[in-house]
Amino acid sequence: MKRILTGDRPTGPLHLGHYIGSLKNRVELQDKYDEFVIIADVQALTDNFENPEKVRKNVLETALDYLSVGINPQKTTIFIQSLVPEIAELTVYFLNLVTVSRLEQNPTVRAEIKEKGFGKSLPAGFLMYPVSQAADIAVFNADLVPVGEDQLPMIEQTREIVRKFNRLYGKTLIEPKEMLSEFSRFPGIDGKTKMSKSLGNVINLSDSSEVVKKQVMKMYTDPTRIRATDPGHIEGNVVFTYHDAFNPDKKEVEEMKEKYKKGKIGDVEIKNKLIEALNDFLEPICAKRKEYEKDLGEVQNILLKGTQKARETAAETLGRVRKAMKIDYF
Ligand code: TRP
């Protein structure tokens with residue numbers, strides 16, 4: 001079975017963008033692949049090191065999000081990054097294989113540095129987190145990494161490092177490939193290209209039906225349309241993007257689009273239909289979350305078992321890595 005590795009930083013609740021960009025794939029792929037999902041607390045600390053409580057709390061929240069959308073711990077290994085020290089060790093070896101200027105060119109990291117306004121006080125750990133992410137992927141011999149578009153530079157970086165490692169020390173590690181979902185850049189409710197907690201344009205998987213309603217009512221539609229009788233645009237209309245992603249009744253969606261183009265249906269109606277669709281989608285997720293919330297000991301147990309299994313796999317790789325690097329002394 002081919003191996004998949006993917007994961008998230010535990011910095012806050014996961015949202016619809018995470019679901020459609022990655023979680024949905026994970027649920028589908030867990031039957032066909034040997035799937036590992038990393039809760040990347042070490043990576044989360046690279047820009048939250050002054051806020052360890054936040055990261056700690058969100059490790060469990062992230063696990064709850066995973067379990068409630070249907071990631072099945074019998075099929076998928078869910079684990080905590082910091083408890084697999086082999087990742088940290090491989091990161092140190094990898095750091096020799098990448099230049100500072102290459103790291104500075106990573107477009108995702110560049111954008112984050114700008115967004116966070118680090119300026120001269122950029123922590124070295126933040127700049128090099130793509131190297132640590134390369135170690136996350138390589139240590140598990142992952143063939144495929146299902147991610148959103150913003151993570152492509154990380155996979156590219158991983159391939160470069162792995163290639164260099166294999167060239168220098170002999171073929172030891174696997175060059176991974178990305179797996180993009182159909183909606184790898186899902187817009188926020190404000191129509192901005194990305195749903196993102198920092199932009200405040202999200203609907204979380206754990207949001208109540210009242211919050212969903214409020215957020216959908218705030219959604220952007222077609223700015224060129226003044227009256228409901230004006231012909232409307234579908235392209236770039238967030239409400240329809242969400243319908244396409246979350247409304248299982250494709251016929252209803254097509255009919256609404258036709259009416260919308262002719263000016264025969266109003267924004268409130270298409271929004272009400274979306275609220276219904278989203279609540280239908282979120283209801284079973286919410287119910288499952290409640291079940292697990294009643295038994296947090298079980299959730300911790302799942303994390304503990306997953307982490308033990310992840311460590312065994314990582315230790316096996318590190319054995320080969322040390323041998324290849326001629327540091328397997330005894
Ligand atoms: N960087 C990813 C994010 O911000 C999280 C992550 C950490 C990850 N390690 C990973 C994703 C390995 C895929 C593979 O969402």
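Along the sequence shown, the residues carry numbers beginning at 1. Worth saying up front: this structure is predicted, and the values here are computed from it rather than measured. Both counts, for ligands and for their atoms, begin at 1 and track the order of listing.
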**Q** Check ligand 1 for close polar pairs with the protein: N or O on both sides, less than 3.5 Å.
**A**
unit_1	atom_1	unit_2	atom_2	d
ligand 1	1 (N)	Q43	OE1	2.7
ligand 1	1 (N)	Q133	OE1	2.9
ligand 1	1 (N)	Q151	OE1	3.0
ligand 1	4 (O)	R9	NE	3.3
ligand 1	9 (N)	D136	OD2	2.7

**Q** For residues 111-135, which residue pairs pass the salt bridge (Lys or Arg N to Asp or Glu O under 4.0 Å) check, not counting sequence neighbours?
**A**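 The answer is R9-E112, D47-K116.
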**Q** Give me the other members of the hydrophobic cluster that M179 sits in, counting Ile, Leu, Val, Met, Phe, Trp and Tyr linked by side-chain heavy atoms under 4.5 Å, directly or via other members.
**A**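 M179 clusters with I4, L29, Y33, L144.
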**Q** Do the charged groups of K214 and E210 touch, with an N to O distance under 4.0 Å?
**A**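 Here K214 does not pair with E210 in a salt bridge, since their nearest N and O are not under 4.0 Å apart.
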**Q** Show every ring pair (Phe, Tyr, Trp, His ring centres under 6.0 Å) that has at least one partner inside residues 249-282, sequence neighbours left out.
**A**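 Output for this query lists Y19-F281, F240-Y260, F246-F281.
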**Q** May I ask you to check whether over 12 heavy atoms, not counting those of K197, lie within 6.0 Å of atom NZ?
**A**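 Correct, the count exceeds 12.
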**Q** Around atom CZ of R163, are there more than 12 heavy atoms of other residues, nucleotides or ligands at under 6.0 Å?
**A**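 Counting other residues, nucleotides and ligands, CZ of R163 exceeds 12 neighbours.
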